[in-house]
Amino acid sequence: DKGLAVFTSGGDSQGMNAAVRACVRMAIYLGCKVYFIREGYQGMVDGGDCIQEANWASVSSIIHRGGTIIGSARCQDFRERQGRLKAANNLIQRGITNLVVIGGDGSLTGANLFRQEWSSLLEELVKNKTITTEQQEKFNVLHIVGLVGSIDNDFCGTDMTIGTDTALHRIIEAIDAISSTAYSHQRTFIMEVMGRHCGYLAISAAIATEADFMFIPEEPVSVTWQDEICLKLQQERSAGQRLNIVIVAEGAMDREGHPITAEDVKKVIDERLKHDARITVLGHVQRGGNPSAFDRILACRMGAEATLALMEATPDSVPVVISLDGNQAVRVPLMECVERTQAVAKAMKEKRWADAVKLRGRS
Ligand code: ADP
C-alpha cells in the first residue's frame with residue numbers, strides 16, 4: 001500500500017520516456033499505486049497538480065518520443081531544507097515512500113540527501129502538526145533508486161547512460177550530411193559536440209565518421225597541436241581526400257589546460273592551410289529527436305529493474321542506481337557512483353587527466 005513516484009530531473013535525454021513507462025507499468029503490474037511528479041524536484045516541492053496518479057494508458061505511445069513528457073527542471077528550492085520539507089509533506093500526503101529519480105549526478109545527490117534527512121524531516125512535520133505520528137510511523141523510510149539520463153555518458157558505474165546512443169546517432173547523421181556537401185566544395189568542417197568532461201561522443205563519432213582529427217577533454221593535445229593538425233589535414237588532402245572533418249568536444253583543451261574551441265581550430269586552418277573551413281555547432285540537436293532502439297530497450301530494462309529494486313528494498317539497504325554492466329542491468333551503490341563521477345570531474349578540472357581516466361575505469 002506504499003506509493004511509488006517517478007520523476008525526471010536535470011538535463012533531459014532521449015529514452016527518459018521509455019524509462020518512465022517501464023517504471024510505471026512494472027509498478028502497476030506489481031500492484032503499486034504509482035505517480036508522476038512533473039517538472040522534477042520543483043513539482044515535488046510545489047505539489048498540487050504536479051503530482052498525479054499514473055495508469056497503464058498514461059504511458060502509452062511515449063516510448064518513441066524524445067525528451068521527457070513529464071517535464072524536467074532545475075530547482076533551487078530543493079537545495080534548501082525548507083523546500084525538501086515541503087516536498088516530504090507532499091509525498092506523505094499521497095503515501096509515497098518510493099522514488100525513482102531519472103537524472104544526472106546532481107539529481108541523484110539531491111535524492112540521496114533527501115533520503116538521509118527523511119526521518120528528521122518527518123519529525124519536523126510532526127512538530128509543526130503538518131502530519132500525524134501515525135503517518136510518521138507508517139511512512140518512516142524513504143526508498144530511492146536512480147537511473148542515469150545523460151547524453152554525455154559521463155557517469156561512473158554504468159557502461160552506457162540513457163540517451164548517449166541516440167545523441168551519437170544525431171551527431172553521425174549530421175556529420176554524414178555535412179560530409180556530402182564538404183566533398184562537393186572541398187571544405188573542412190569543424191564540428192563541435194557535447195562532452196564537457198567526457199569525450200565519449202567525440203571519440204565514438206570520430207571513429208564512426210572517419211574524422212581526420214579530434215579534440216577530447218581526457219587526452220589533451222600538445223601545445224603544438226596547430227602544427228600537428230595542419231600536417232595531418234595536409235597529408236589527407238595530398239592523398240586525394242576532398243574534405244576534412246575535425247571534431248571538437250566542448251571540454252577540449254591542450255596539455256597546459258588552455259581551452260580549445262572550434263573557433264581556434266578554424267583560425268589555424270584558415271591562416272595556415274587556406275582551406276574553406278566552416279564550423280557547425282550541433283548544440284541541442286544532440287539532445288533531440290526520437291530515441292534509438294538501443295536507448296529504448298536500455299531504458300525499458302532499467303526502468304523495470306528500478307521498480308523491482310524498490311519493491312525489494314529493506315530499511316537498511318543502500319540506495320542503488322541501475323546500471324548496464326556488459327549486457328546486464330545491475331544494481332550498484334548510488335553514492336559510490338556519484339562520488340566517483342564527481343571525483344572524475346574534479347580531476348579533470350585540476351588537469352589531472354590520467355587520474356580522471358583511471359578513476360572512471362571501464363565506464
Ligand atoms: P543533473 O541531475 O543533470 O546533474 P543538476 O546538477 O542541475 O542536474 O541537478 C538537478 C537538480 O537536482 C537541481 O536543480 C536541484 O534541485 C537538485 N540537486 C542537485 N544537487 C543537489 C544537492 N546537493 N542537494 C539538493 N538538491 C540537489
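In listed order, ligands and their atoms are each counted from 1.
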Checklist entry - Within 45 degrees of the axis of the six-membered ring of Phe189 and under 6.0 Å from its centre: does Arg278 put its NZ or CZ there? => result no
Next on the checklist: For atom 4 (O) of ligand 1, what's the nearest protein heavy-atom neighbour? Residue, atom name and distance, please.
Outcome noted: Gly106 N, 2.9 Å
Checklist entry - How are the rings of Phe215 and Phe213 set to each other: parallel, tilted or perpendicular (split at 30° and 60°)? => result tilted
Item to check | Per-atom contacts of ligand 1 with Gly11, taking only distances under 4.0 Å to non-hydrogen atoms | outcome: 3 (O)
Item to check | Gly104-ligand 1 polar pair, N/O distance under 3.5 Å | outcome: yes
Checklist entry - If you count the non-hydrogen atoms of other residues, nucleotides and ligands that lie under 6.0 Å from CG in Asn128, is the total more than 12? => result yes
Checklist entry - Nearest protein heavy atom to atom 11 (C) of ligand 1, by residue and atom, and its distance? => result Ser9 OG, 3.8 Å
Next on the checklist: Counting only heavy atoms from other residues, nucleotides and ligands, does the tally under 6.0 Å from CD of Gln186 exceed 12?
Outcome noted: yes
Checklist outcome for this item: Of Ser72, Gly10, Gly110, Gly40, the one whose closest heavy atom lies nearest atom 25 (C) of ligand 1 is Gly110
Checklist entry - Side chain, backbone, both or neither: which part of Tyr41 has a heavy atom under 4.0 Å from ligand 1? => result side chain
Next on the checklist: Just to confirm my output: which protein heavy-atom neighbour is closest to atom 13 (C) of ligand 1, and how far is it?
Outcome noted: Arg79 NH2, 3.7 Å
Checklist entry - Of all the non-hydrogen atoms in the protein, which one sits nearest to atom 23 (N) of ligand 1, and at what distance? => result Thr109 CG2, 3.9 Å
Next on the checklist: For atom 7 (O) of ligand 1, what's the nearest protein heavy-atom neighbour? Residue, atom name and distance, please.
Outcome noted: Arg74 NE, 2.5 Å
Checklist entry - Of all the non-hydrogen atoms in the protein, which one sits nearest to atom 24 (N) of ligand 1, and at what distance? => result Leu113 CD2, 3.7 Å
Next on the checklist: Is it the case that ligand 1 has an N or O less than 3.5 angstrom from some N or O of Ser107?
Outcome noted: yes
Checklist entry - Would you call Arg81 and Glu124 a salt bridge, using N to O less than 4.0 angstrom? => result yes
Item to check | Under-4.0 Å salt bridge between Glu256 and Lys351 | outcome: no
Checklist entry - Relative to ligand 1, is Asp105 under 4.0 angstrom through side chain, backbone, both or neither, heavy atoms considered? => result both
Item to check | Pairwise distance CG(Asp212) to CD(Glu236) - rounded to 0.5 angstrom | outcome: 4.5 Å
Next on the checklist: Give me the residue, atom name and distance of the protein heavy atom closest to atom 14 (O) of ligand 1.
Outcome noted: Cys75 N, 2.7 Å
Checklist entry - Is a side-chain N or O of Ser184 found less than 3.5 angstrom from the main chain of Ser180, in a donor-acceptor match? => result yes
Checklist entry - Going by atom types only, do Arg272 and Gln226 share a side-chain donor-acceptor pair under 3.5 Å? => result no
